[in-house]
There are 2 protein chains.
Amino acid sequence: MIQQQNTETEIKIIAAATEIFLQKGKDGARMQEIANKAGINKALLHYYFRSKDKLFEKVFYKEVRTMLNTTLDSVTETDNFEKFLKLFISNYIDNVALRKNLFRFIFWESENFMKNVTDQFSQVFKNLGFQQNPVISKVKKAIADGQIRKLDPNNFALSLISMCLFPIIAAPVLSKVATQLDVDNLRFWKKRKQEIFNLIWNGIKP
Amino acid sequence: MIQQQNTETEIKIIAAATEIFLQKGKDGARMQEIANKAGINKALLHYYFRSKDKLFEKVFYKEVRTMLNTTLDSVTETDNFEKFLKLFISNYIDNVALRKNLFRFIFWESENFMKNVTDQFSQVFKNLGFQQNPVISKVKKAIADGQIRKLDPNNFALSLISMCLFPIIAAPVLSKVATQLDVDNLRFWKKRKQEIFNLIWNGIKP
DNA sequence: GTCTATACATCGATAGAC
DNA sequence: GTCTATCGATGTATAGAC
């Protein structure tokens, strides 16, 4: 497939559409608002992208790719699993925090949207090499090396990502429901990283 | 405040509105569709609830209360922390799974919606007694009893909830991105419960 | 309280000039 | 490619009969 040259206007539109869609969702987004933010008018939007659906699809696919790459970007090359784990927790939390709207958006829209595009999606995911999730590979190797005890690598990776990702998505709720956490404070996240590592590494046995 | 008697029609409307809002969000929901599902017409909808905003507000508040109570409902009374933990993980996953749309909905709508109602919200949360979150109380007691090692109760509770809740919200994505997990299969969740407990209890040290 | 009919606003999309 | 102007559809909300 030949990668088409993107015009400057096209880039501005995508950037504006991404921002609006991630904040308000597909239904809440307004073509007028996207046009305004891109510094153009509605007619030009439809000239470049036939419809709102098509524009959304472009943005959604691009952002899914970004979401998956966020995991890859957080992996540091090292054979010391303890070191890898500490760095991954820190990097992943930082990377996700920079894109909190993206993750909220994906988990919200995914169900309604995917129903019609299941097939293409599986393709996209496989093409990105998520099947060989690097976190899971690291875990398998660490078990083989005897660096950690035997456990299910898939569930471990899921737990690890859950503990890092969920608090960021839930932050708006947590700041109201669990004020003692002080999730708006940077110090919370510094401590959070340590606590995640400690729990994973040591468990809670006395 | 006097609790008003809810008419049968009012109950039908709230039930219909809840279902539609949770599935499609505030912007995606259509008053016509809510009316249809409630077996009435649009005019009557506005007769009972002045506007879509007011109807949404009613539903949102009610569902937030349900969300918080889900945590309370999952707590079993026992002084054995190991037993408590096993039961909580199982109950909480089951309870959240029954309301997966609710949790997706809350984390999505919370940010945009809460901006205008911050004050009232804090009130609601406090009134529900979430400040004395029973999970955190249990953890504190278990530490005092020497049943578990010393750790930060708030972060522990957050990690516990993250590991149970996040996979359920993320299931639509995971079923595409991590097919090996087989999240649509009941056996996955049975194993998931065990793996969460094992990780928390034992850590990963060899 | 419940309905039909309709007003009024807004949004996505297009026509047509430049 | 970019604009103004506008169409047609749809959505929220209301008027008014029963």
Side-chain angles (χ1 to χ4, degrees), chain A residues 2-63 105 108-109 112-113 115-117, chain B residues 2-63 105 108-109 112-113 115-117:
Chain A
I2 296 164
Q3 180 66 23
Q4 213 163 337
Q5 175 73 21
N6 290 335
T7 69
E8 195 180 333
T9 305
E10 207 169 330
I11 293 170
K12 280 197 298 184
I13 292 175
I14 289 285
T18 300
E19 194 174 331
I20 304 285
F21 276 134
L22 261 54
Q23 194 194 335
K24 312 203 167 177
K26 182 183 177 183
D27 294 318
R30 294 289 162 253
M31 294 298 266
Q32 183 64 63
E33 198 178 355
I34 293 173
N36 290 346
K37 192 171 278 279
I40 56 166
N41 56 57
K42 270 195 299 180
L44 207 55
L45 262 181
H46 286 86
Y47 173 79
Y48 277 95
F49 305 86
R50 255 170 50 85
S51 66
K52 188 181 181 180
D53 277 348
K54 300 273 183 195
L55 179 57
F56 178 82
E57 200 172 315
K58 272 276 198 316
V59 170
F60 189 75
Y61 275 76
K62 181 172 65 69
E63 292 307 300
F105 167 80
W108 170 251
E109 300 281 2
N112 295 326
F113 188 62
K115 276 170 186 159
N116 304 324
V117 287
Chain B
I2 296 164
Q3 181 65 22
Q4 214 162 338
Q5 176 73 21
N6 290 335
T7 68
E8 195 181 333
T9 305
E10 206 169 330
I11 293 171
K12 280 198 298 185
I13 291 174
I14 289 286
T18 300
E19 194 174 333
I20 304 286
F21 276 134
L22 262 54
Q23 193 194 336
K24 312 203 167 176
K26 183 184 176 182
D27 294 317
R30 294 290 162 252
M31 294 297 266
Q32 183 63 64
E33 197 178 356
I34 293 173
N36 290 345
K37 191 171 279 280
I40 56 166
N41 56 56
K42 274 194 295 180
L44 206 55
L45 221 54
H46 286 86
Y47 173 79
Y48 277 94
F49 305 87
R50 255 170 49 86
S51 66
K52 187 181 181 181
D53 277 348
K54 299 273 182 194
L55 179 57
F56 178 80
E57 200 172 316
K58 273 277 198 315
V59 169
F60 188 76
Y61 275 76
K62 181 172 65 69
E63 292 307 301
F105 168 81
W108 169 251
E109 301 280 3
N112 294 328
F113 188 62
K115 276 170 186 159
N116 304 324
V117 287

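Naming: A, B, ... by sequence-line order, numbering from 1 per chain. Bear in mind that the values here come from a model prediction, so they are computed numbers and not experimental data.
Taking atom CG of B/L44 as the reference point, atom C1' of C/dA5 lies 16 Å away to the nearest angstrom. Atom pair A/L45:CG and C/dC11:C1' shows a separation of 13 Å (rounding to whole Å applied). Rounded to an integer number of Å, the gap from B/M31 CE to C/dA7 P is 20 Å. Rounding to whole angstrom units, CD1 of residue B/I40 and P of C/dC3 are separated by 7 Å. If you measure from atom NZ of B/K42 to atom C1' of D/dA15, you get 14 Å, rounded to the nearest angstrom. Straight-line distance from the CG atom of A/N41 to the P atom of C/dC11: 16 Å, rounded to whole Å. The distance from atom CG of A/D27 to atom C1' of D/dG11 is 13 Å, rounded to the nearest whole Å. The distance between atom NZ of B/K52 and atom P of D/dT14, rounded to the nearest whole Å, is 15 Å.
Summarising the geometry, atom CZ belonging to B/F49 is positioned 5.5 Å from atom CD1 belonging to B/I13; distances are rounded to the nearest 0.5 Å. Taken to the nearest 0.5 Å, the OG1 atom of A/T7 stands 7.0 Å off from the CD1 atom of A/I11.
Set against C/dA15, D/dG11, D/dT2, the side chain of A/Y47 has D/dT2 as its closest nucleotide. Between D/dC3, C/dT2, C/dA13, one nucleotide has an atom nearer to the side chain of A/A43 than all others, and that is D/dC3.
Around NZ of A/K58, the count of heavy atoms belonging to other residues, nucleotides or ligands within 6.0 Å does not exceed 12.
Contact check, A/R30 against C/dT10: no side-chain N or O comes under 4.0 Å of OP1 or OP2. Contact annotation: B/T9 reaches the phosphate of C/dT2 (side-chain N/O to OP1 or OP2, under 4.0 Å). Considering only side-chain N and O atoms, B/Y48 lies under 4.0 angstrom from the phosphate OP1 or OP2 of C/dT2. The shortest distance between the side-chain N/O atoms of A/H46 and the OP1/OP2 oxygens of C/dT14 is not below 4.0 Å.
Among the protein residues, A/A35 comes within range of no part of the nucleic acid, since none of its heavy atoms lies under 4.0 Å from any strand.
Looking at heavy atoms from C-beta onward, B/D53 lies in side-chain contact with B/K26 at the 4.5 angstrom threshold.
Ring pair B/W108/A/F105 is tilted by interplanar angle, where 30° to 60° counts as tilted.
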